[in-house]
Amino acid sequence: MSLLKSAEAKILACLQNDVWSRFVTLPNQNRIWTLKVTNKSARKHKDQATPLVMVHGFGGGVGLWIRNLDALSCSRTVYAFDLLGFGRSSRPSFPSDASLAEEQFITSIEQWRQSLGLERMILLGHSLGGYLATSYTIQYPERVSHLILVDAWGFPERPQPQLQGSGGQGSEVKRVSLPRWVKALASVFSFFNPLAVIRAAGPWGPGLVNRFRPDFKRKFEDLFDDDTMTQYIYHCNAQDPSGEVGFKAMSESLGWAKRPMVQRVLLLPPSMPVSMLYGASSWVDSSTGNIVTQIRGKSPTSVMLIEDASHHVYADQPEEFNRVVESICNTVD
């Protein structure tokens, strides 16, 4: 944890605006590591503007927003926090039931909001954070002014294999079956937490992150000419798994959600504005955004693709990402 703290401090030293950072203690004594970023000027207007709250994805933490925090805090206060079980936040045990694990995440976010006294917020979530932000908005819609989903995980339903000649219009279409070795690997890895291999690697863990995720170093190379970002990712995930266990409870093999969010988007208030951002080169299928738009009918829903961006849109194309998010926020106030 001390090495994670050091890596994060090096990252946050890049910020130009005022940063307030501390642990927010929840009623059950779990602690949520929190950043509050404010612009030194225009503070009077900022006190009236709806704050933006940013929720990171699986295996991440507040440090990954380093390219976004200064720009987005120019016109409003920005909050970022480490999800329960991730980063520097507390790492409690999570239940193995998907709905109970999800509820534990959502309860912690609501208690965090209460502790900070935030009445309303613009809620932005990336990947797993997008899934949880949607679930939170369904339960506490009065607290959210606008929901921004960035390459959100867990929305589509798992495709059902179609048998050839099963009748009906699509009978001639046969879904390509996964190779046997992929199914075998998936069944083996289903017994482990997703990032167990990093912990099992011991002192070789940071090198493993560098080898398998060299893109993280590239995304931030103009800020750091060393392994700062991969060290940060490593130390976020080298500790006892907790949020990982919660994620594993909510997902099934090959990363599909057990409770696909597309089945629940109708529970969002019809008046709730939802903006869905996707990296044009991401592994997340942006067509899900169109499905959500159809499901919500006349409710305000927009889908936008950001060119030359992969799953980590905010780091691949930070200027365009910041511009788009800022313009969305400006529609709120």
Side-chain angles (χ1 to χ4, degrees), residues 11-12 14-21 34-57 60-81 113 116 118-127 129-130 133-134 136-137 143-152 219-220 222-223 271-282 284 286 289 292-293 299-333:
I11 293 168
L12 298 183
C14 296
L15 291 175
Q16 302 297 310
N17 287 345
D18 291 338
V19 184
W20 166 101
S21 56
T34 305
L35 301 184
K36 177 184 179 183
V37 187
T38 52
N39 195 303
K40 292 167 185 171
S41 59
R43 213 171 247 149
K44 190 175 180 184
H45 167 68
K46 288 164 67 60
D47 290 341
Q48 298 161 355
T50 306
L52 171 65
V53 174
M54 306 179 77
V55 189
H56 66 80
V62 294
L64 293 182
W65 300 118
I66 189 59
R67 289 185 171 282
N68 320 109
L69 293 170
D70 269 339
L72 295 175
S73 61
C74 283
S75 58
R76 67 191 66 246
T77 300
V78 174
Y79 291 88
F81 63 90
R113 181 204 64 78
L116 286 172
L118 297 178
E119 285 301 308
R120 284 178 73 80
M121 56 190 160
I122 300 164
L123 189 56
L124 181 152
H126 169 252
S127 197
T134 308
Y136 176 87
T137 305
R143 301 301 178 189
V144 180
S145 299
H146 198 120
L147 178 62
I148 306 174
L149 304 175
V150 183
D151 239 52
K219 291 178 201 301
F220 300 93
D222 59 323
L223 296 177
S271 60
M272 177 65 65
V274 178
S275 297
M276 306 182 77
L277 277 56
Y278 292 93
S281 309
S282 174
V284 175
S286 61
V292 171
T293 302
S299 296
T301 313
S302 64
V303 180
M304 185 176 299
L305 260 64
I306 295 185
E307 295 299 325
D308 299 317
S310 67
H311 182 52
H312 296 275
V313 189
Y314 56 89
D316 288 332
Q317 297 294 334
E319 290 182 9
E320 179 64 6
F321 173 84
N322 294 340
R323 186 192 67 76
V324 169
V325 172
E326 178 75 10
S327 66
I328 293 169
C329 290
N330 288 340
T331 65
V332 176
D333 47 27

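Quick note: numbers below take in every heavy atom, side chains included, and nothing from hydrogens, waters or symmetry partners.
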S.K.: Can you give me the closest heavy-atom contact between A49 and S75, atom names plus distance?
M.R.: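 Heavy-atom minimum between the residues: CB-O, 3.7 Å.
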S.K.: Roughly how far, to the nearest 0.5 Å, is CE of M54 from CD1 of I122?
M.R.: 11.0 Å
S.K.: Distance from T137 atom OG1 to M121 atom CE, nearest 0.5 Å?
M.R.: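 So the gap between those two atoms works out to 7.0 Å.
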S.K.: For the OH atom of Y79 and the CG atom of L118, what is their distance to the nearest 0.5 Å?
M.R.: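 Result: 5.0 Å between the selected atoms.
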S.K.: Is the shortest distance from a Lys or Arg side-chain nitrogen in K36 or D18 to a carboxylate oxygen in the other one below 4.0 Å?
M.R.: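 No salt bridge links K36 with D18.
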S.K.: Is there side-chain contact between Y314 and L64, with at least one heavy-atom pair below 4.5 Å?
M.R.: yes
S.K.: Applying side-chain contact (heavy atoms from CB on, under 4.5 Å) to L72 and W65, what does each step give before you reach the verdict?
M.R.: CA-CA 10 Å; L72 295 175; W65 300 118; over 6 Å; no
S.K.: Is the shortest heavy-atom distance from the side chain of E326 to the side chain of I328 under 4.5 Å?
M.R.: no
S.K.: How far apart are the closest heavy atoms of A80 and L69, and which atoms are they?
M.R.: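 Looks like CB-CD2, 4.4 Å.
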S.K.: Between Q48 and D333, is the side-chain contact (heavy atoms from CB on, under 4.5 Å) condition met? List the steps.
M.R.: CA-CA 9 Å; Q48 298 161 355; D333 47 27; over 6 Å; no
S.K.: Has the side chain of S282 got a donor or acceptor atom that lies under 3.5 Å from a matching backbone atom of Y278?
M.R.: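 No: the side chain of S282 does not pair with the backbone of Y278.
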S.K.: Relative to the ring of H311, is the ring of H126 parallel (under 30°), tilted (30 to 60°) or perpendicular (over 60°)?
M.R.: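 The rings of H126 and H311 sit tilted, inter-plane angle from 30° to 60°.
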S.K.: Kindly give the heavy-atom pair with the smallest separation between A71 and N322, and that separation in Å.
M.R.: CB-ND2, 3.5 Å
S.K.: With a 4.5 Å limit on heavy-atom distance, are the side chains of E307 and Q317 in contact?
M.R.: no
S.K.: Taking the side chain as every heavy atom from C-beta outward, state whether I66 and L15 have any pair of such atoms under 4.5 Å apart.
M.R.: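 Yes, close enough: below the 4.5 Å cut-off.
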S.K.: Output the distance between atom CG (L149) and atom CG (L124), rounded to the nearest 0.5 Å.
M.R.: 8.0 Å
S.K.: Report yes or no: does R113 contribute a side-chain atom to a donor-acceptor pair with the main-chain N or O of R120 at less than 3.5 Å?
M.R.: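 Such a contact is absent between R113 side chain and R120 backbone.
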S.K.: Is there a donor-acceptor pair under 3.5 Å between the side chain of D316 and the backbone N or O of S310?
M.R.: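 Yes.
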S.K.: Give, for atom CE of M276 and atom CG of D151, the distance between the pair rounded to the nearest 0.5 Å.
M.R.: 9.5 Å
S.K.: Between R76 and C329, which heavy-atom pair has the shortest distance, and what is it?
M.R.: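 Taking R76 first and C329 second, the nearest heavy atoms are NH2-O, 3.3 Å.
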S.K.: Applying side-chain contact (heavy atoms from CB on, under 4.5 Å), run through F81 and V53 and close with a yes or a no.
M.R.: CA-CA 8 Å; F81 63 90; V53 174; 3.7 Å; yes
S.K.: If you count heavy atoms of other groups shown closer than 6.0 angstrom to CE of M304, is the number above 12?
M.R.: no
S.K.: Any non-hydrogen side-chain atom of F321 less than 4.5 Å from a side-chain atom of V150?
M.R.: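 Sidechains of V150 and F321: in contact.
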S.K.: Using a strict threshold of under 4.0 Å (side-chain N to carboxylate O), is an ion pair present between D222 and R67?
M.R.: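 Judged by the 4.0 Å cut-off on N to carboxylate O distance, R67 and D222 do form a salt bridge.
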S.K.: Which heavy atom of S271 sits nearest to which heavy atom of P300, and what is that distance?
M.R.: O-CG, 3.8 Å
S.K.: Pick from N68, V313, L277: which one makes a side-chain contact (heavy atoms from CB on, under 4.5 Å) with V325?
M.R.: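 By the side-chain contact (heavy atoms from CB on, under 4.5 Å) criterion, V325 pairs with just one of N68, V313, L277: L277.
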S.K.: Find out whether T331 and P273 are in side-chain contact, i.e. whether some heavy atom of one side chain is under 4.5 Å from a heavy atom of the other.
M.R.: no
S.K.: Which atoms form the tightest heavy-atom contact between V332 and S145, and what is the distance?
M.R.: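 Shortest heavy-atom separation between V332 and S145 comes out as CG1-CB, 3.8 Å.
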S.K.: Among T38, N17, N39, exactly one meets side-chain hydrogen bond (donor to acceptor under 3.5 Å, both in side chains) together with S73. Which residue is that?
M.R.: N17
S.K.: Just verifying a value: how many Å separate T50 OG1 and L123 CG, rounded to the nearest 0.5 Å?
M.R.: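 Rounded to the nearest 0.5 Å, the OG1-CG separation comes to 12.5 Å.
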S.K.: Does E320 come within less than 4.0 Å of R323, counting only side-chain N to carboxylate O?
M.R.: yes
